[in-house]
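Input: a single structure, listed below in structure tokens.
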Amino acid sequence: RQALEEMRALYERNQADVSEAKSGRTDLIFLIRFRHCCLLRNQRCILAYLYDRLLRIRALRWEYGSVLPNSIQFHMSAEEVDWFNRYKKSLATYMRSVGGEEGLDLTQDIKPPKSLYIEVRCLTDYGEFEIDDGTTILLKKNSQHFLPRWKCEQLIRQGVLEHVLS
């Protein structure tokens with residue numbers, strides 16, 4: 001915001017000096033060019049900042065999944081939340097198109113797994129959780145289970161489960 005205010009002030013001063021330079025004051029040309037270079041620098045800084053935020057928001061989709069915690073969403077603007085939702089939909093469309101009928105979830109196994117099953121402890125009461133073979137497991141607080149890694153990763157990232165290391 002401060003950079004935008006500074007840019008607005010520089011632009012207004014430049015506009016005033018340009019009208020004076022047109023009337024014959026050539027000594028203002030260097031000052032006008034200098035302010036214009038300042039405007040371009042501030043523009044590059046703002047664009048770099050916005051691009052960095054965009055990359056961080058994109059990384060949030062991979063880290064937290066399709067639903068962001070309220071504590072993170074609180075610090076995002078409406079446009080950033082809208083961009084996140086459009087990126088989420090675009091990624092979901094791509095994942096459905098890649099893996100055949102069921103699709104391919106690219107957000108699973110971000111790091112290569114050492115084993116296919118892991119032991120997890122439930123941190124909150126979650127309710128029933130269904131595994132691919134049709135088995136339903138009741139996830140209650142402090143209960144421990146031996147489950148497929150790929151089914152648990154999303155819940156681990158959401159803070160519902162924690163990986164128990166022996």
Single-linkage hydrophobic cluster [X]~[Y], side-chain heavy atoms < 4.5 angstrom:
| X | Y | answer |
| --- | --- | --- |
| L91 | W83 | yes |
| I131 | L161 | yes |
| M76 | Y49 | no |
| V160 | W62 | no |
| L10 | V18 | no |

Looking at [X], I'd like to know if its [atom1] atom is crowded, meaning that more than 12 non-hydrogen atoms belonging to other residues, nucleotides or ligands lie closer than 6.0 Å.
| X | atom1 | answer |
| --- | --- | --- |
| E128 | CD | no |
| Y126 | OH | no |
| D52 | CG | yes |

Test side-chain contact (heavy atoms from CB on, under 4.5 Å) applied to T124 and K141, step by step: CA-CA 5 Å; T124 60; K141 188 173 184 175; 5.8 Å; no
Which heavy-atom pair separates [X] from [Y] by the least distance, and what is that distance?
| X | Y | value |
| --- | --- | --- |
| L123 | G159 | CD1-O, 3.6 Å |
| K140 | S143 | O-OG, 2.6 Å |
| V164 | V120 | CG2-C, 3.8 Å |

Distance in Å, [X] [atom1] paired with [Y] [atom2], rounded so as to fall on 0.5 Å steps:
| X | Y | atom1 | atom2 | answer |
| --- | --- | --- | --- | --- |
| E20 | Q15 | CD | CD | 12.5 Å |
| S66 | K89 | OG | NZ | 11.5 Å |
| I118 | R149 | CD1 | CZ | 5.0 Å |
| E80 | I57 | CD | CD1 | 3.5 Å |
| L165 | R121 | CG | CZ | 10.0 Å |
| R53 | L60 | CZ | CG | 9.5 Å |

F146: partners by ring-ring contact (aromatic ring centres under 6.0 Å, His included), with sequence neighbours left out: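 Applying ring-ring contact (aromatic ring centres under 6.0 Å, His included) to F146 gives Y117.
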Exercise answer: donor-acceptor pairs, residues 36-48 side-chain atoms, under 3.5 Å, sequence neighbours excluded:
unit_1, atom_1, unit_2, atom_2, d
N42, ND2, E6, OE2, 3.3

Test item: D17 side-chain N/O and L28 main-chain N/O as donor-acceptor pair under 3.5 Å: no
Whether S90 side chain and R86 backbone form a donor-acceptor pair below 3.5 Å: no
F129 and L155: CA distance, side-chain angles, deciding distance, side-chain contact (heavy atoms from CB on, under 4.5 Å) verdict: CA-CA 10 Å; F129 181 68; L155 294 175; 3.5 Å; yes
Intermediate values then yes/no, salt bridge (Lys or Arg N to Asp or Glu O under 4.0 Å), R157 and E63: CA-CA 7 Å; R157 280 190 240 136; E63 184 178 343; over 6 Å; no
pair R61-F84: side-chain heavy atoms closer than 4.5 Å: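 Sidechains of F84 and R61: in contact.
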Residue pair L139 / D125, side-chain heavy-atom distance below 4.5 Å: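 L139 does not reach D125 side chain to side chain.
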Residue pair I32, R13: steps toward the side-chain contact (heavy atoms from CB on, under 4.5 Å) verdict: CA-CA 9 Å; I32 293 168; R13 280 190 252 149; over 6 Å; no
Criterion side-chain contact (heavy atoms from CB on, under 4.5 Å) on R58 and Y87, from CA distance to verdict: CA-CA 7 Å; R58 185 175 68 181; Y87 179 71; 3.3 Å; yes
